[in-house]
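Notes for the one structure printed next.
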Amino acid sequence: SNLSNLETLNLNFLNLTCINKNTFKNLKKVNFVYLNENFLKIIGNDTFKYVENVKRIEFQSNNIESIEQNAFSGMKFLNYLGLENNNLKT
């Protein structure tokens with residue numbers, strides 16, 4: 001695919017309501033994912049299983065209420081996860 005060498009994925013301000021676990025399937029070189037200012041509620045299991053090299057993911061200002069236990073499993077390089085301004089409960 002033409003996106004196979006993409007390193008930064010900016011999906012800010014797109015009114016997204018969900019992310020399918022196959023969304024990032026062919027984006028193996030992505031290092032940075034920006035999903036700020038959308039309407040996401042849940043980060044499901046294996047959402048990022050195809051982009052294990054990602055270093056930074058931002059979800060600021062969504063409606064995230066829950067993150068499933070294995071949402072980020074296998075992501076050994078993830079060093080920043082931005083979750084500010086969501087509906088998460090501790």
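Remember, predicted model here, so these are calculated numbers, not experimental data.
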Is atom NZ of Lys21 surrounded by more than 12 heavy atoms (other residues, nucleotides or ligands) closer than 6.0 Å?
-> no
Thr17/Asn38 under side-chain contact (heavy atoms from CB on, under 4.5 Å): CA gap, chis, key distance, verdict = CA-CA 7 Å; Thr17 57; Asn38 283 292; over 6 Å; no
Are any of the side-chain heavy atoms of Leu27 and Leu9 separated by less than 4.5 Å?
-> yes
Residue pairs passing the salt bridge (Lys or Arg N to Asp or Glu O under 4.0 Å) test with at least one member in residues 56-68, sequence neighbours excluded, are Arg56-Glu58
Expected output: side-chain Asn86 to main-chain Leu88 donor-acceptor under 3.5 Å | no
Nearest 0.5 Å, what's the CG-CG distance between Asn26 and Leu6?
-> 11.5 Å
Lys41 and Asn63: side chain donor to acceptor below 3.5 Å | no
Distance in Å, Cys18 SG paired with Ile42 CD1, rounded so as to fall on 0.5 Å steps | 9.5 Å
Determine, step by step, whether Phe39 and Asn15 satisfy the side-chain contact (heavy atoms from CB on, under 4.5 Å) criterion, reporting the C-alpha distance in whole Å, the side-chain angles of both residues, the deciding distance to 0.1 Å, and the verdict.
-> CA-CA 6 Å; Phe39 296 97; Asn15 298 322; 3.0 Å; yes
Is Phe13 reachable from Leu83 through a run of I, L, V, M, F, W or Y residues, each pair having side-chain heavy atoms under 4.5 Å apart?
-> no
Atom CG in Leu16, atom CG in Asn36: separation rounded to 0.5 Å?
-> 11.0 Å
Between atom CG of Asn70 and atom CD1 of Ile67, what is the distance when rounded to the nearest 0.5 Å?
-> 12.5 Å
Apply side-chain contact (heavy atoms from CB on, under 4.5 Å) to the pair Val54 and Phe24, showing each step before the final yes or no.
-> CA-CA 11 Å; Val54 168; Phe24 307 111; over 6 Å; no
Indicate yes or no: at least one non-hydrogen side-chain atom of Lys76 is less than 4.5 angstrom from one of Glu52.
-> yes
Between the main-chain N or O of Leu40 and the side-chain N or O of Asn62, is there a donor-acceptor pair closer than 3.5 Å?
-> yes
Does the side-chain contact (heavy atoms from CB on, under 4.5 Å) test come out yes or no for Ile64 and Asn87, once each step is laid out?
-> CA-CA 5 Å; Ile64 296 171; Asn87 298 321; over 6 Å; no
Members sharing Phe32's hydrophobic cluster, built from side-chain contacts under 4.5 Å between Ile, Leu, Val, Met, Phe, Trp and Tyr, are Tyr34
Using the six-membered ring wherever Trp is involved, compare the ring planes of Phe72 and Phe48 and label them parallel, tilted or perpendicular (cut-offs 30° and 60°).
-> parallel
Can you measure from CZ (Phe59) to CG (Leu11) and round to the nearest 0.5 angstrom?
-> 10.0 Å
Spell out, yes or no, whether Met75 and Phe77 are grouped together once hydrophobic residues are joined by side-chain heavy atoms under 4.5 Å, including indirect joins.
-> no
Rounding to 0.5 Å, atoms CG (Leu78) and CG (Asn31) come to a distance of 11.5 Å
